[in-house]
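Ligands are counted one by one from 1 in listed order, and the atoms in each one are counted from 1 as well.
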Amino acid sequence: MLAPRASPSLALVNSFRVWADIDLDALAHNLARIGQLAGPAVRRILVVKADAYGHGAVAIAHHAVRCGVDALGVSTSSEALELRDSGVRAPILILGTVLEQELSDCLQNQVQIGLHSMDRLRRLERMARHSGGPVRVHLKIDTGMGRLGVLPERALELLRAVRNSRRLVLGGVMTHMAAADGARADSTRAQLERFESVLAPARREGLLAGWVHCANSACLFTGMPDLYDAVRPGISAYGVLPPELPGAAELAPVLALRAQIVYLKDIGVGAPVGYDGTWVAHRRTRVATLPLGYNDGLPWRLSNAGWALVRGRRVPLIGRVSMDYATLDVTDVRGVRVGDVATLIGRDGDEQIRVQEIARAVGTIPYEVTCSVGKRVRRIYRGAPSLSAEPAARAGQAAAPIPSARHLSESAFEPML
Ligand SMILES: *Cc1c(COP(=O)(O)O)cnc(C)c1O
C-alpha cells in the first residue's frame with residue numbers, strides 16, 4: 001500500500017503515476033478578472049485550442065460556459081467537433097483555417113469559421129444551399145501578422161459580398177496581434193490603424209454585424225484602449241501571463257503537474273545518475289525516481305537544472321530528464337517515502353513553481369510548457385465555478401448539463417461529460 005505522505009492538500013491522489021490537477025475555481029477566478037478588465041459590455045471568447053493549452057478542452061469549455069463565457073475559440077475543426085460531441089452548445093469559432101474536406105462537418109455542427117478569401121465565400125454559399133441554415137463567418141483581416149487573413153485592401157469587397165449573400169451571416173470581424181507585449185508595442189498601434197482602415201468605411205456603409213474582436217491576453221492586460229465587442233483571452237484564463245506583462249499576480253494558475261515518488265535509494269559518493277552520467281553524487285545521496293519525463297511535459301532541458309517540491313521543500317532534479325523518468329536529490333527531505341507527491345508545476349505548502357519559471361529556465365515561452373503536458377498525464381478536475389456568478393444566459397445559450405465537480409474529481413475524468 002502506498003500511504004499518502006505529502007502535505008494534506010496533496011494527499012488526495014496517489015493512485016496515478018503522474019497527473020495534472022486542474023483547478024476550476026482558479027479558472028473561474030481568472031475569467032472573473034478578465035471580465036473586470038474587459039468591462040460588462042465586452043464579450044469573452046475563451047480560447048481553448050490545443051486542448052485548452054494542455055488543460056483539457058472539454059472540461060474547461062463546460063466550466064467556462066457555466067462561468068458566463070460567451071463563446072469558445074479553437075484552432076481546428078476537430079477541436080470544434082470534440083466540443084460539440086461533448087455537449088457544448090455555446091458558439092464555437094474556429095480561429096484558424098478549415099480545410100475544404102472539413103467544411104461540411106463544421107456547417108452541420110453550427111461551428112463559426114473564419115473567412116479569408118472570395119473563393120471560400122463562394123464555396124460556402126454553395127454548401128449552405130444544401131445544409132439549410134445560414135453559415136456564420138468571421139472575416140479575418142491580416143493587419144500585420146502575415147499568416148492567415150485577407151489583406152485590408154481586399155476586406156471591404158468581402159464584407160460587401162457577405163452582405164449581399166442570402167446564405168452567409170457575418171458573425172464578426174477579427175484580426176490577430178503579433179506583439180507579445182500587446183498594447184505597448186508600436187506594431188500593435190500600426191495593426192489597429194490598419195484594422196480601422198477597414199472598420200471605418202465598413203461602418204459608414206453599414207457592413208458591420210456581429211462582434212468586432214482583436215484582443216488576446218497581452219492586449220487585454222496592457223490596457224488596450226478599445227477592446228471592441230469581444231476579447232479572445234487564452235493564456236491568462238489559465239492563470240499564466242508572460243513575465244514581461246503586468247497583472248500575473250492577480251491570476252491563479254490553473255494547472256499543477258505532479259507525480260508520485262515510485263522508488264527511493266541511497267547511493268554513495270561518485271555514483272552517477274541518469275543518461276551519460278551527467279550528475280555524480282558528491283555526498284551520500286538519497287535519490288527519488290519519478291515516473292514522468294519529457295514525454296509528460298517535463299522539459300529535457302531541465303536536466304540538472306530544474307526543481308520539484310516534495311513535502312513543501314524545493315529539491316533539485318539531478319541527472320538527465322529521460323522520456324519516462326526523472327530523478328531528484330531528496331537527501332534533505334525528512335521522512336521522504338515512496339508514494340510521496342512531487343510537484344513539478346504548482347504549489348506545495350509555501351513553495352511554488354510557476355510555469356513562467358520553467359519557461360525562463362529552458363528558454364521558451366509559457367505556452368509551450370503547458371501545451372507539452374503529455375497524453376499519459378491524467379487530468380484531475382477540482383473545484384467548480386460558482387453557479388450564482390453571471391449565468392451563461394447572456395449569449396442566449398443554455399449551458400449544457402454537466403455532472404458536479406465532485407463527480408468529476410472522483411472519477412478523475414470521463415470524456416463524455
Ligand atoms: C491563441 C489565440 C488567442 C489567445 O491568445 P493568448 O495570448 O493565449 O491570450 C487569441 N486569438 C487568436 C486568433 C489566437 O490564435
Asks: Would Asp181 and Arg184 pass as an ion pair if we require N to O under 4.0 Å?
Replies: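 Judged by the 4.0 Å cut-off on N to carboxylate O distance, Asp181 and Arg184 do not form a salt bridge.
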Asks: Can you give me the closest heavy-atom contact between Thr175 and Met177, atom names plus distance?
Replies: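 Here Thr175 and Met177 meet closest at CG2-CE, 4.0 Å.
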Asks: For atom 12 (C) of ligand 1, grab the closest protein heavy atom and report residue, atom and distance to one decimal in Å.
Replies: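 For atom 12 (C) of ligand 1, the nearest protein heavy atom comes out as His176 CE1, 3.2 Å.
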Asks: What is the nearest protein non-hydrogen atom to atom 2 (C) of ligand 1, stated with its residue, atom name and distance?
Replies: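 Sorting protein heavy atoms by distance from atom 2 (C) of ligand 1 puts Lys49 NZ, 2.6 Å first.
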Asks: Would you mind checking if Glu125 and Arg166 are paired as a salt bridge, meaning a charged N to carboxylate O distance below 4.0 Å?
Replies: no
Asks: Please report whether ligand 1 has a polar contact with Tyr367, defined as an N or O pair separated by less than 3.5 Å (distance criterion only).
Replies: yes
Asks: To the nearest 0.5 Å, tell me how far Leu292 CG sits from Leu344 CG.
Replies: 5.0 Å
Asks: Taking the basic N atoms (NZ, or NE/NH1/NH2) and the acidic carboxylate oxygens, is any pair closer than 4.0 Å for Glu79 and Lys49?
Replies: no
Asks: Hey, does Pro233 sit under 4.0 Å from ligand 1 if you only count heavy atoms?
Replies: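 So Pro233 counts as touching ligand 1.
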Asks: Could you check atom 9 (O) of ligand 1 against the protein and tell me its nearest heavy-atom contact, residue, atom and distance included?
Replies: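 Checking every protein heavy atom, the shortest distance to atom 9 (O) of ligand 1 gives Ser217 OG, 2.5 Å.
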Asks: Does one side chain, of Glu368 or Thr364, offer a donor that lies under 3.5 Å from an acceptor on the other?
Replies: yes
Asks: Can you tell whether the side chains of Asp296 and Arg376 come within less than 4.0 Å, N to carboxylate O?
Replies: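 Answer for the salt bridge query: yes.
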Asks: Under 3.5 Å, is there a donor on one side chain and an acceptor on the other for Thr343 and Arg258?
Replies: yes
Asks: Among protein heavy atoms, which lies nearest atom 11 (N) of ligand 1, and at what distance?
Replies: Arg232 NE, 2.8 Å
Asks: So is there a nitrogen or oxygen of Ile235 less than 3.5 Å from a nitrogen or oxygen in ligand 1?
Replies: yes
Asks: Compare Leu245, Ile365, Asn216 and give the one whose heavy atom is closest to atom 5 (O) of ligand 1.
Replies: Asn216
Asks: Considering only the protein, which heavy-atom contact is closest to atom 8 (O) of ligand 1, and what is its distance?
Replies: Tyr53 OH, 2.5 Å
Asks: State the atoms of ligand 1, each with its element, that fall below the 4.0 Å cut-off from a heavy-atom position in Gly234.
Replies: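 Counting atoms of ligand 1 from 1, those under 4.0 Å from Gly234 are 4 (C), 6 (P), 8 (O), 9 (O).
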Asks: Which atoms of ligand 1 sit under 4.0 Å from any heavy atom of Val47?
Replies: 1 (C), 3 (C), 4 (C), 10 (C)
